[in-house]
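All remarks here apply to the structure that follows.
Each chain gets a letter, A, B and so on, in the order its sequence line appears, and its residues count up from 1. It should be emphasised that the depicted structure is a prediction, and the values quoted were computed from it without experimental measurement.
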Amino acid sequence: METYRTHYSKDVTKDYFGKNITVAGWVEDIRNIGSLAFVILRDRLGTLQITAFKKKHPELFDMLVNITRESVISVYGFCKQSDKARNGYEIIPEEVKILSLAETPLPLGVVDKVESELDTRLDNRFIDLRKPELQALFKIRNEIISSVHNYLRSENFIEVHTPKIIASSSEGGTDVFRLKYFEREAFLAQSPQLYKQTLMATGLDRVYEIAWYFRAEEHNTRRHLNESTAIDVEMAFIKNEEDVMKILENLVYNMWKKASECKEELTILKREINLPNLPFIRLTYDEVLKLLNKNGYDVKWGDDLTTEQEKILGDIMQKKGHEFYFITKYPLESKPFYTMPDGEKLSRGFDLECKGMELSSGSQRIHDKELLEKRMKACGLDAAQFESYLKAFRYGIPPHGGFGFGIERFIMELLDIQNVRECILFPRDRNRLTP
RNA sequence: GCCCCGGUAGUGUAGUGGCCCAUCAUCCAAGCCUGUCGAGCUUGGGACUCGAGUUCAAAUCUCGGCCGGGGCGCCA
């Protein structure tokens, strides 16, 4: 055996029928029929069948039927055309190498007929991830990220990486993780907000980051993580938040479109993806209140929407044919300090919602230092804590805006997944720190 | 931070005071079977989260710990 693998399961075409090849992967199942046995081998692309005959190779036969499930093997053998086998061929083994023998019993079945709980699955995530539907999910995630790079770069954004260990909490409000930084205290960044804004003072003009968010909130829900990923975008020389929203909706459209092209993966996941129509509808906060009040929900002006109200709005909009919609012109009070005011009470902040779930939050930002300091004060923040951020506003900074966009939540909505923990490889939540 | 709920073989479950040295499936082990593909059949194996209490009797009731799930608030 010169190499452990010459072909993946799905790469074996007619041309190889009648020839010898080498395949490798995980032993998914062994069906011993007596004098012949079938071994189902799984690799990244799918499964294939190895068929062994007791009479032909008694030793190989015994070896194969005694391997434990989920062991890793490499098999050199004759590739025989067969209508009875999956993929139209089977491998008649001539040499088998056990590369890694799996212990029994498995802590989690890969193809067992019983489902396992999410907690058990996450405790054994490396086995859980062997399931084709999970591999499909993360392959789609990969494609989506690739479309983010393609789209934003085509719009002249450059990818940046900002620090995750920071000296002060980025925006106030959200709880942040504290850590020891030599003799000082430091924090894990809850978002790249202050850094991407600072970059607007450099002339790079358009930046984006696939960023980690760390949030120390003690929530325990299907849609919160303490460590999550996001697409963070910031752009300069905008006229207003509408310029930002245009980029965001095109980005989402491109991501959605790319996902819809993952036919094989979507088949495995039994999902269909319909493309949304551009542009997404814009609802002002005032219009949202009217809609909700008309439907019997008494929301006072200035209040944030509760989770229930958000869902109702999602239902109303879906009935009207809008899965995606922007909510614009939020009350200034409910938006963070860096949000550009629009008159006395309103702001230039917006949310992008999908079926009642907030996917993205953005705004035009304040670029005037005096106004920024005034807003910080109004929000109860100490400007002195933000000196290095404020400095960027003293020596020339253009009007700008941007958004943050949660990747896991997006995948939840895209693939109709009920728990956000499914959408990240190794989730961090209130209780989970391993694996 | 507040509020609900749960913990039974490796996995997933049934069992709400005695009928339980605990059900079923899956799984694991041994065996039979020359075309399996949710293989089939036979036999066997394996569990009540921990501690204290109530009771003649606890998987079952009470309290506490540990572990987990969900909702709200907040947010992505």
Side-chain angles (χ1 to χ4, degrees), chain A residues 28-42 47-56 61 65-66 68-70 80 82-87 90 92 102-124 127-128 171-176 190-193 211-232 303-311 334-336 351-354 357-362 403-413 418-421 423-424 429-432:
Chain A
E28 187 166 287
D29 198 14
I30 300 162
R31 288 191 275 273
N32 183 354
I33 308 297
S35 49
L36 81 164
F38 305 99
V39 175
I40 306 302
L41 194 71
R42 184 187 64 246
T47 55
L48 62 85
Q49 179 170 293
I50 293 151
T51 307
F53 296 89
K54 198 171 198 170
K55 268 188 198 163
K56 196 173 175 185
F61 183 90
V65 299
N66 283 306
T68 54
R69 294 198 308 165
E70 295 303 315
K80 187 182 162 209
S82 167
D83 294 332
K84 292 180 211 161
R86 53 189 73 193
N87 314 327
E90 58 191 347
I92 313 298
E103 290 178 24
T104 60
L106 295 164
L108 181 70
V110 176
V111 289
D112 288 6
K113 295 162 201 163
V114 289
E115 283 295 310
S116 301
E117 286 191 1
L118 184 58
D119 195 48
T120 307
R121 291 174 42 207
L122 292 176
D123 279 340
N124 302 282
I127 297 180
D128 192 38
E171 304 164 36
T174 303
D175 283 331
V176 293
Q190 69 174 78
S191 87
Q193 183 62 31
W212 286 101
Y213 285 14
F214 302 97
R215 300 192 172 178
E217 295 285 346
E218 299 201 30
H219 31 45
N220 186 12
T221 78
R222 295 180 297 124
R223 56 187 200 288
H224 287 95
L225 291 167
N226 290 294
E227 184 182 64
S228 68
T229 59
I231 300 153
D232 256 280
D303 283 356
D304 273 327
L305 301 186
T306 63
T307 304
E308 190 194 358
Q309 291 160 353
E310 242 187 331
K311 277 181 194 141
S334 64
K335 285 288 165 190
D351 284 353
L352 175 64
E353 304 259 336
C354 178
M357 167 100 78
E358 184 182 338
L359 284 185
S360 176
S361 191
F403 57 84
F405 182 97
I407 295 172
E408 287 81 25
R409 280 204 182 169
F410 176 78
I411 294 171
M412 257 182 110
E413 290 305 321
Q418 296 311 306
N419 195 311
V420 72
R421 283 167 262 226
C423 302
I424 190 163
D429 62 33
R430 178 66 186 86
N431 299 305
R432 183 172 289 281

- Classify the nucleic acid contact of A:Lys311 as base, sugar-phosphate or nothing, counting any heavy atom under 4.0 Å across all strands shown. sugar-phosphate

- Item | Candidates B:C28, B:G69, B:U26 - which lies nearest the side chain of A:Asp119 | B:G69

- Query: Is it true that a side-chain atom of A:Ser360 and a backbone atom of A:Gly404 form a donor plus acceptor pair closer than 3.5 Å?
  - Reply: yes

- Within this structure, what is the CG-to-C1' distance between A:Asn220 and B:C72, rounded to whole angstrom? 12 Å

- Does A:Thr104 have a side-chain nitrogen or oxygen under 4.0 Å from the phosphate oxygens OP1 or OP2 of B:C28? no

- Query: CZ of A:Arg86: more than 12 outside heavy atoms within 6.0 angstrom?
  - Reply: yes

- Query: Hey, what's the ring geometry for A:Phe410 with A:Phe405, parallel, tilted or perpendicular (30° and 60° as the breaks)?
  - Reply: tilted

- Message: In whole Å, measure the gap between the P atoms of B:U11 and B:G73 for me.
- Response: 35 Å

- Message: Please tell me if A:Arg215 has a side-chain N or O lying less than 4.0 Å from either OP1 or OP2 of B:C74.
- Response: no

- Quick one: the side chain of A:Asn431 and the base of B:G68, do they pair up donor-acceptor inside 3.5 Å? no

- Query: Do you know the tightest heavy-atom contact between A:Leu108 and A:Ile127?
  - Reply: O-CG2, 3.6 Å

- Donor-acceptor pair present, A:His224 side chain and B:C74 base, under 3.5 Å: yes

- Is any side-chain N or O of A:Arg421 closer than 4.0 Å to OP1 or OP2 of B:G70? yes

- Message: Using 0.5 Å steps for rounding, measure from the CG atom of A:Leu359 to the CE atom of A:Met412.
- Response: 10.5 Å

- Note on the structure: Among B:U26, B:G73, B:G12, the one nearest any side-chain atom of A:Thr221 is B:G73

- Stems formed with participation of RNA chain B [Watson-Crick or G-U wobble, under 3.5 Å, three or more pairs]: B:1-7 with B:66-72, B:10-12 with B:24-26, B:27-32 with B:40-45, B:49-53 with B:61-65

- Given B:C75, is OP1 or OP2 found less than 4.0 Å from the side-chain N or O atoms of A:Ser361? no

- Atom-pair distance (CD on A:Gln309; C1' on B:G73), nearest Å: 13 Å

- Item | A:Thr306: partners by side chain to side chain donor-acceptor pair (under 3.5 Å), with sequence neighbours left out | A:Gln309

- Message: Considering every strand and a 4.0 Å limit on heavy-atom distances, what is the contact class for A:Glu218: base, sugar-phosphate, or nothing?
- Response: base

- When rounded to the nearest 0.5 Å, the distance separating CZ of A:Arg69 from CG of A:Asp29 is 6.0 Å

- Task: Output the single nucleotide from B:G70, B:A76, B:G73 whose closest atom is nearest the side chain of A:Thr306.
- Result: B:G73

- Message: Test your reading of the model: is there a side-chain donor-acceptor pair from A:Arg409 to the backbone of A:Arg223, 3.5 Å cut-off?
- Response: yes

- What is the distance, rounded to the nearest whole Å, between atom CG of A:Asn419 and atom P of B:G69? 9 Å

- Gap in Å between the two C1' atoms, one belonging to B:A59 and one to B:A47, rounded: 11 Å

- Message: Tell me the interatomic distance from A:His219, atom NE2, to B:G1, atom C1', rounded to whole angstroms.
- Response: 12 Å

- Looking across every strand, which nucleic acid part, if any, lies under 4.0 Å from A:Leu225 by heavy atom: base, sugar-phosphate, or nothing? base

- Query: Quantified in whole Å, what is the P atom distance between nucleotide B:G44 and nucleotide B:U26?
  - Reply: 16 Å

- Note on the structure: For nucleotides 32-42 of chain B, 5' to 3', base contacts (B), sugar-phosphate-only contacts (S) and non-contacts (-) with protein non-hydrogen atoms under 4.0 Å give -BBBBBBB---

- With distance as the sole criterion, do the side chain of A:Arg223 and the base of B:A76 form a donor-acceptor contact below 3.5 Å? no

- Message: Taking atom types as they are modelled, would you say the side chain of A:Arg69 forms a donor-acceptor pair with the base of B:C28 within the 3.5 Å cutoff?
- Response: no

